[in-house]
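See below for the structure under consideration.
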There are 2 protein chains.
Amino acid sequence: MDNKKSEGQAAALPPSNERPTLKTIAFMTGLGITTVSRALKDAPDISAETKERVRLVARQIGYQPNRAGVRLRTGKTNVISLILSLEEEIMGLTSPMVIGISEILASTQYHLVVTPYRTQGNALDPVRYVLETGAADGVIISRTEPKDPRVALMMERNFPFATHGRTEMGFSHPYHDFDNERFAYEAVRRLVEMGRKRLILLQPPPYLTFYLHMRGGFERGVRDFGATAVPFNTVNLDNSLLDIREAAEGVFSGPDAPDGIVSGSGGGAVALIAALEANGLKLGQEIDMVSKEPHMFLQWLRPEVVTMREDIRLAGRELAKAVIARIEGIPPEELQTLSYPIPTE
Amino acid sequence: MDNKKSEGQAAALPPSNERPTLKTIAFMTGLGITTVSRALKDAPDISAETKERVRLVARQIGYQPNRAGVRLRTGKTNVISLILSLEEEIMGLTSPMVIGISEILASTQYHLVVTPYRTQGNALDPVRYVLETGAADGVIISRTEPKDPRVALMMERNFPFATHGRTEMGFSHPYHDFDNERFAYEAVRRLVEMGRKRLILLQPPPYLTFYLHMRGGFERGVRDFGATAVPFNTVNLDNSLLDIREAAEGVFSGPDAPDGIVSGSGGGAVALIAALEANGLKLGQEIDMVSKEPHMFLQWLRPEVVTMREDIRLAGRELAKAVIARIEGIPPEELQTLSYPIPTE
DNA sequence: CAAAACACCTGTATCGTTACAGATTTATAG
DNA sequence: CTATAAATCTGTAACGATACAGGTGTTTTG
């Protein structure tokens, strides 16, 4: 009769040797499941002593909340989705990005889910998927456009996200970006310092925001330092290295050939070098180049190239921190960071 | 009174404008929730007409099962976990691997979750985590060892997984591997054909399985083709490019310097080239090299290097297919694939 | 034509967690 | 010494899906 008390939530079942749940802890401590739940989240209506006891037992038996249970009840997924193009990247930007994000998430409850999309035109699909199915608490996207429909959609739904790259949409959102304006500007400066005048830029595709930055920096440099921009628009960083090489061979062998190159990526630089050398040109002699350098390839195999590093792993870390902060309600204005070209010596 | 019938599961609630659930479909079709559930999984005790009706409505309103609900009830997570070292890779193997896996998972219900570990010694942690928390239905690991404790653990628990790389543990499990034995063997053949005799191998760290393969192929080649293996054990593919370069400079400048190089990675090759050129050697003259080529770097910047490609994206695809097949109960023996060096151009 | 078989559908309980609305005990107020 | 307020704790319901054990109506069997 008196054991009514022990017939409550807590004592209903033996501990069992399965994965521990709140019920297990409730049984072990003699408390109710609700109490245990609230104790673990440090609720104000639980006594300090009880909290301590619950935490102790929880740690002891290695309790980890069941993600499906939490997710079903609260809608919180504890997932960050990285949205990736399957076509992306000649030269794995993805690796350091994934690693950087993982580094940050490792010390949180968040898991990283990679959500791919097939082609350029379908970039909105995975975002819609996440929004509609509630597959994640926050999203990281890259390849941003000045008016980015993905950003518009997530803003409208008030869904936490961070972008690798800026937009120009008249409101602020979390981002991390590399200062491509400065990169190109400094690149032009260096080339002019080396006596080069007729410059080409291997640039991003025109619809991406960082095209504007890189192009802008390039043109400002050309103006400020008194050089000439030679057109090179038939290919961009999204083309295959083979296409870039082919297009470059055309430019180098044509009239008014350039004598200076700014390459927006290390992979592209290799194609450009192959092209210019196929035309009998030599770096450091008839022509010079400034490029981003993902590894040590250019530095060691073509030391004549002036290289600057872009830290993608850092970008991953910053983006991860930004989405999480956004999820936690930090205002977007405080979650915008820029990184700068790192000179390689 | 008669409306008892309509007070059952189905009619309890209006459709609401939230995300549709089984209840929504039940309401719309006038069926019970259970019936809808079973209809959607094509159970035999539901009439063909009902199934058709349910499927139609489900498609119409864009029903997608709630993952948390399924997971909580059935334990099925619909997640594949890719376990990654945060230190991994000088030259992003991860990118094409992630892309390859995603390509396959995109047409399934599976999501890809990246689960990192910090350092070599902690490789078992993420595996334990997945096993203990049931975070995934299957796991993909790389950097396998001949006696791999992760493999042992997952076999013991009968947990589906696939490895990038083989093991030597006396039982079979799903894997995909690159034939490093053949790579090294062919590399030696090529070098000997070019008249080289004193060969070094930039090899994997000795505790990884593919060390045995690459080393084995190298030594078999040395024997078969009559060359000499020059020791080069102070560094391996896990060292930084700087360390490799430094060690290589020592070997090239020492007595009995090698005249042929087999490099197990493209990144390593760059370091070796930097080293040998710093010693005044020239590829194709005093020395030759065969290397894996991740991109077009070597091919275009040092065409004297003989390169072979390893298709990591393919590995990702194969591994994804293998885990899923394993989850579906296909015997491991049928899930073992090997890929072969791809001669470049 | 009653009994058994069949075809098809449905309610209940449950997975683990948390929001919410009490319940119980003890301390404070009047 | 009763009424109120704190301080703690707890049961119930619900999130969405599914396993299981019926239920109902129709058809077949003997």
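Chain naming here is simple, since letters A, B, ... match the order of the sequence lines and numbering starts at 1 in each. We use all heavy atoms of the structure for the numbers below, so side chains are in, but hydrogens, waters and symmetry mates are not.
- One can place NZ of B/Lys76 at 17 Å from C1' of D/dA19, the figure rounded to the nearest angstrom.
- Using cut-offs of 30° and 60° on the angle between ring planes, the pair A/His164 and A/His176 is parallel.
- Atom-to-atom, CZ of A/Arg71 to C1' of C/dC15 comes out at 15 Å; the value is rounded to the nearest Å.
- Environment of CD in A/Gln120: crowded, with over 12 heavy atoms of neighbouring residues, nucleotides or ligands closer than 6.0 Å.
- B/Glu18 has its CD atom 15 Å from the C1' atom of D/dA14, to the nearest Å.
- The stretch residues 37-46 of chain A touches DNA chain D through A/Asp45, A/Ile46, each having a heavy atom under 4.0 angstrom from the strand.
- Against DNA chain D, the stretch residues 55-66 of chain B makes heavy-atom approaches under 4.0 Å through B/Tyr63, B/Pro65, B/Asn66.
- Using a 4.0 Å cut-off, no side-chain N or O of B/Thr74 falls inside it from OP1 or OP2 of D/dA17.
- If you check the side chains of A/Thr115 and A/Ser81, you find a donor sitting under 3.5 Å from an acceptor.
- A side-chain N or O of B/Ser95 and one of A/Ser95 form a donor-acceptor pair less than 3.5 Å apart.
- Between the CZ atom of B/Arg73 and the P atom of D/dA14 there is a distance of 18 Å, given to the nearest Å.
- At most 12 non-hydrogen atoms from other residues, nucleotides or ligands lie less than 6.0 angstrom from CZ of B/Arg118.
- Looking at residues two or more places apart in sequence or on another chain, you find no salt bridge (charged side-chain N to carboxylate O under 4.0 Å, His left out) involving A/Arg71.
- Nearest-nucleotide assignment on DNA chain C puts the 5′-proximal partner with B/Thr50, out of A/Leu72 and B/Thr50.
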Walk me through whether A/Thr77 and A/Asp137 qualify under side-chain hydrogen bond (donor to acceptor under 3.5 Å, both in side chains).
CA-CA 6 Å; A/Thr77 62; A/Asp137 296 334; 2.8 Å; yes
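- Here the side chain of A/Lys23 is nearest to one of D/dC9, D/dG11, C/dC15, namely C/dC15.
- Considering CD1 of B/Ile99 and CD1 of B/Ile104, their distance stands at 13.0 Å, rounded to 0.5 Å.
- Going from atom CD1 of A/Ile33 over to atom P of D/dT8 covers 22 Å, rounded to whole Å.
- Whole-Å rounding puts the B/Asn78 CG to D/dA17 P distance at 13 Å.
- Rounding to whole angstrom units, CZ of residue B/Arg19 and C1' of D/dC15 are separated by 12 Å.
- Taking the ring centroids of B/His173 and B/Phe161, they lie under the 6.0 Å cut-off.
- Atom P of nucleotide C/dC8 and atom CZ of B/Arg53 are separated by 14 Å, given to the nearest angstrom.
- Side-chain proximity of A/Thr34 to C/dT10, C/dT17, D/dT10: nearest is D/dT10.
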